[in-house]
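Notes follow the structure.
Values in this document were obtained by computation on a predicted structure and should not be read as measured data. Lettering of chains follows the sequences in order, A, B, ..., and the numbering in each one begins at 1.
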Amino acid sequence: MNKRFVILDGSSLMYRAFYALPPLTDSLGEPTNAIFGFSNMLTKLLGELNPDALVIAFDKGKKTFRTERYPEYKGTRDKTPEELLAQIPLLHEFAAAFGVSFIEKERYEADDIIGTLATKAAAAGHDVMVVTGDKDALQLVRPNLRVMLTKKGISELKAYDEEVFREEYGFEPIRLIDLKGLMGDTSDNIPGVPGVGPKTATKLLLEYGTLENVLENIEAISGKKLKERLTENRDQAVLSKELATIELQVPDMELTMDDYAIMPDHAAMKKFCDRYELKGVWKNFIKLYGESDGGLFAGMEIQEAAPVDLSYDEWEEKQAAAALAKAESVAVCGIFTGRVPFEQLSRAVVVTSPAGDTGLIALDSPAGQQLLRFFEADKPATFYELKQYYHAGIKAQSSFFDIKLADYLLHPELSKYELSNLSHQYFPGQSVPESFADEVSQAVWTAKLIAKLQPKLAAELEELGMKKLYDEIELPLVEVLAAMEQNGVYVNRKNLEEKAAEVGKKIEEIQQDIYTLAGTEFNINSPKQLGEVLFERLELPPTKKTKTGYSTNAEVLESLRYQHPIIEQILAYRMWTKLKSTYLDAIGELIHPESGRVHTSFNQTVTATGRLSSSDPNLQNIPVRTEEGKTIRALFEPGEGYDYLLSADYSQIELRLLAHMSGDESFIDAFCQNQDIHARTASEVFGVPLAEVTPTLRSRAKAVNFGIVYGISDYGLSRDLHIPKKEAASYIDSYFARYPGIRKFMDDTVAAAHETGCVTTLYGRRRELPAIKSRNFMQRSLAERMAMNTPIQGTAADIIKLAMIEAYHRLQDAGVKSRILLQVHDELVLETTEKERETVSKILKESMEQVAKLSVPLLIDIHSGKNWAEAK
DNA sequence: GATTTCACG
DNA sequence: ACGTACGTGAAATCC
């Protein structure tokens with residue numbers, strides 16, 4: 001009979017757990033964090049996968065057949081920390097109590113044991129799952145054999161089968177060894193071919209299939225340098241491939257599945273958990289196996305939660321038509337293939353209301369056509385994360401409902417929106433499956449759940465006055481964001497690569513200078529090591545501390561600038577490494593190979609204030625403030641068929657909103673006369689005529705204006721302006737004396753927040769601030785500053801969202817090809833043509849300036865150029 | 001995973 | 001007395 005067999009890479013998972021968790025110990029001071037993390041992972045896996053057999057493989061000793069072949073193998077690894085080593089015997093003890101087999105073998109790594117067991121079991125037809133943090137194991141993926149990789153930390157896992165692997169890498173799993181042969185692996189100290197990285201290696205493999213074939217066809221490969229390198233490092237490449245290959249024939253590994261069955265020993269486990277004070281581990285254990293393994297009450301568990309109904313039908317054309325015909329609304333959970341923002345909708349589970357019929361539909365079938373017609377008739381349909389359906393080609397409709405968006409508006413503070421939480425919240429008696437047999441049953445559960453959630457969330461939005469916000473801003477914005485993500489923005493790859501090489505050289509030079517000046521080599525990126533060099537070795541005066549040691553941030557370094565020549569170099573090093581790693585390297589990797597464009601994600605459910613955020617890559621923090629930084633911005637260009645990037649940004653939107661919302665006469669007057677607001681503030685606060693405001697005074701007034709928007713404190717202002725706290729306080733005093741309307745607005749807002757526990761924007765967006773009732777000064781003050789800032793920041797976010805929707809449709813109606821690419825909080829970036837530039841500028845000006853009628857004008861600045869840096 | 005640093009509005 | 005400006009995302013280190 002076929003069984004489900006799980007194999008854990010004990011070494012890799014322990015290592016992960018050790019670094020993922022804080023240094024927990026028992027009361028005797030013995031470290032237990034790795035064992036704690038590992039056991040949590042094990043119980044979670046057992047619950048989710050429910051395997052028939054499980055084994056833990058472990059490395060044994062440093063010497064392996066690989067080090068015999070190549071002594072430098074893994075030679076750059078730091079030695080394992082003592083605290084981790086100490087936990088290995090505990091793992092043995094733990095495995096024994098859990099009744100899980102444990103295998104290690106002289107001369108072999110855990111990988112080889114895993115490879116041998118896994119491939120044998122898969123060949124015998126068992127369903128095999130390998131769990132590890134080591135990407136190398138992906139080479140094992142084949143029919144019946146999947147690999148689960150820890151993503152970040154230890155809690156998130158990603159399962160790779162052949163399809164998932166191919167999707168990500170573009171070639172067959174086993175070719176991973178050829179990839180390593182070519183590019184090497186720094187962490188294992190596998191050399192590879194110098195100068196060949198992941199990009200080149202993948203390209204070669206896609207063309208030639210294997211390393212051997214690449215080496216046989218060196219002559220045909222383009223690029224003189226590359227040819228030379230391949231020829232010179234032939235043997236090294238072959239050796240590298242050999243080192244990267246997992247051994248599948250480890251001797252004496254006869255497989256009998258029964259040997260690996262799990263036989264929990266309750267008494268031993270209890271003793272183990274008591275001894276090392278691992279309460280949570282015991283809890284997880286009894287969740288799986290019950291309180292005891294025998295005796296009177298065995299098996300007598302009380303059922304409390306309602307069982308989950310995962311039934312559904314497979315719908316062909318007729319059933320779909322019948323069910324949809326009598327449906328007033330549907331809830332949909334799709335199954336997607338492909339990657340954002342180009343995913344495809346292959347199948348969908350549909351739940352109809354009020355009948356509650358549940359069907360699985362293939363989108364490319366007649367039944368799928370029925371479903372699309374249902375959507376196009378603008379009948380109510382509920383989704384979770386509507387944006388991905390738009391990516392998959394579903395056309396926007398006004399009666400769609402997105403559960404995630406609604407949940408976000410109701411709880412904008414949450415960092416994660418998960419359906420299981422919503423289920424617990426709205427249906428507390430309903431149990432939530434810990435895992436699903438397959439994606440279809442997960443989709444069935446999701447569709448049934450969101451069908452029931454929709455009326456509840458809709459009612460709650462209505463009740464809290466956010467229906468309009470939802471209908472007129474958030475929902476229509478989804479289509480705009482989906483379009484922007486699909487558009488992407490063109491990045492000049494050639495310039496980017498040149499710049500990266502140039503900056504790389506500069507970094508190396510600076511690094512050498514720093515080592516010379518310090519008289520020692522150290523990791524400049526490590527604040528800890530840098531602190532030691534600066535404040536101990538070079539005996540510079542430390543000015544600030546963090547909770548773990550010396551602070552070495554830019555402010556501290558700036559204050560030491562003239563005390564030692566090394567400081568200048570460190571500041572330069574920081575700047576260039578930041579530009580290279582965060583921008584040049586990271587964005588380079590995310591350029592879509594065909595279009596040459598970068599497709600960021602605009603997240604609509606992240607910020608507590610209502611702003612968007614951008615990730616993978618974040619295109620809302622591209623440098624602009626320094627000359628060096630602007631060279632990064634200059635890499636963003638109009639794509640093929642376009643002539644200019646055009647940037648339209650609101651002028652002083654937050655201060656204008658402050659004027660409007662506070663009703664302060666003087667502030668409103670300043671904007672109505674289109675005066676320089678910071679200069680006018682300086683003149684009024686410091687009591688000098690407008691004509692006599694110096695740049696210094698103006699910049700101080702500017703800082704005060706910013707401070708007001710953030711929820712001012714004398715401490716923060718004094719820090720920002722490098723002036724005594726007393727002086728900062730007097731600035732704030734005269735500011736409020738001069739602008740009584742603003743003071744009143746701030747006071748009223750905070751008072752209302754104390755009363756209601758929440759603040760709102762002009763468009764009704766809510767943010768709850770429970771901490772405002774805190775008796776802790778720090779927490780309460782923070783909540784008060786949020787109360788002052790959120791209505792302003794949030795209203796600005798509402799307004800630009802409205803403007804985006806307006807501009808998007810007006811551009812479409814005008815029939816221009818110019819399109820919105822990016823939003824950076826108060827700025828929209830478009831690509832346009834010579835011919836359309838005037839029209840587009842006009843559309844933007846009207847859309848953005850006329851979108852809200854305030855007691856002060858809203859103004860935008862528009863600039864265009866051959867790249868983003870020029871469009872300023 | 002937590003911490004530090006730094007890029008943006 | 002308390003010791004932070006508001007809102008984000010990403011890279012690197014830690015041992």
Using whole Å, report how far [atom1] of [X] lies from [atom2] of [N].
X        : N      : atom1 : atom2 : answer
A:Lys578 : C:dT13 : NZ    : C1'   : 14 Å
A:Met575 : B:dC8  : CE    : P     : 12 Å
A:Arg611 : B:dC8  : CZ    : C1'   : 9 Å
A:Tyr710 : B:dC8  : OH    : C1'   : 10 Å
A:Asn789 : B:dG9  : CG    : P     : 16 Å
A:Lys580 : C:dA12 : NZ    : C1'   : 14 Å
A:Leu822 : B:dC8  : CG    : P     : 15 Å
A:Ile708 : C:dA5  : CD1   : P     : 17 Å

Partner residues of [X] under the side-chain contact (heavy atoms from CB on, under 4.5 Å) criterion, sequence neighbours left out:
X        : value
A:Phe706 : A:Lys702, A:Tyr710
A:Lys545 : none
A:Pro527 : A:Thr552
A:Thr605 : A:Lys404, A:Leu405, A:Tyr408, A:Tyr417

Of all residues at least two apart in sequence or in a different chain, which pass the salt bridge (charged side-chain N to carboxylate O under 4.0 Å, His left out) check with A:Asp798? A:Arg765
Based on Watson-Crick and G-U pairs with both distances under 3.5 Å, what dot-bracket line describes DNA chain C 5' to 3', crossing pairs as [ ] and inter-strand pairs as |? .....|||||||||.
Spacing of the [atom1] atoms in [M] and [N] (rounded, Å):
N     : M     : atom1 : result
C:dA5 : B:dA2 : C1'   : 23 Å
B:dT3 : C:dT4 : P     : 14 Å
C:dA1 : B:dC6 : C1'   : 32 Å
B:dT5 : C:dC2 : P     : 23 Å

Answer yes or no: is there an ion pair linking [X] with [Y], defined by an N-O contact shorter than 4.0 Å?
X        : Y        : value
A:Lys499 : A:Glu628 : no
A:Glu568 : A:Arg561 : yes
A:Glu654 : A:Arg611 : yes

Classify [X] by what it touches in the nucleic acid, base, sugar-phosphate, or nothing, heavy-atom distance under 4.0 Å.
X        : value
A:Ala796 : nothing
A:Arg767 : sugar-phosphate
A:Gln529 : sugar-phosphate
A:Val709 : nothing
A:Ser713 : base
A:Gly707 : base
A:Asn523 : sugar-phosphate
A:Met786 : sugar-phosphate
A:Ala703 : base

Between A:Tyr715 and A:Gln793, who's closer to the 5' end of DNA chain C by nearest nucleotide? A:Tyr715
Between A:Tyr739 and A:Tyr735, is the ring centre distance below 6.0 Å? yes
Is atom CD of A:Glu508 surrounded by more than 12 heavy atoms (other residues, nucleotides or ligands) closer than 6.0 Å? no
Check ring-ring contact (aromatic ring centres under 6.0 Å, His included) between [X] and all other residues, then give those that pass, not counting sequence neighbours.
X        : answer
A:Tyr573 : none
A:Phe636 : A:Trp868
A:Phe745 : none

Among [options], which nucleotide sits nearest the side chain of [X]?
X        : options              : answer
A:Val606 : C:dT4, C:dT8, C:dA12 : C:dT8
A:Thr582 : C:dA5, C:dG7, C:dA11 : C:dA11
A:Ser526 : C:dT4, C:dC14, B:dT5 : C:dC14

Give me the residues of residues 542-558 of chain A where at least one heavy atom lies under 4.0 Å from an atom of DNA chain C, by number, or none. none
DNA chain C-proximal residues of residues 649-659 of chain A, any heavy atom under 4.0 Å: none
May I ask you to verify if any side-chain N or O of A:Arg785 is less than 4.0 angstrom from the OP1 or OP2 atom of C:dC6? yes
A:Thr582 side chain to A:Leu579 backbone, donor-acceptor under 3.5 Å: no
So, does A:Glu385 use its side chain to make a donor-acceptor pair with the main chain of A:Lys387 at under 3.5 Å? no
Residues of residues 613-625 of chain A with a heavy atom under 4.0 Å from any atom of DNA chain B, listed by number, are A:Gln620, A:Asn621, A:Ile622, A:Pro623, A:Val624, A:Arg625
Go through the steps to decide whether A:Thr600 and A:Asn618 satisfy the test side-chain hydrogen bond (donor to acceptor under 3.5 Å, both in side chains), and finish with yes or no. CA-CA 7 Å; A:Thr600 183; A:Asn618 182 353; over 6 Å; no
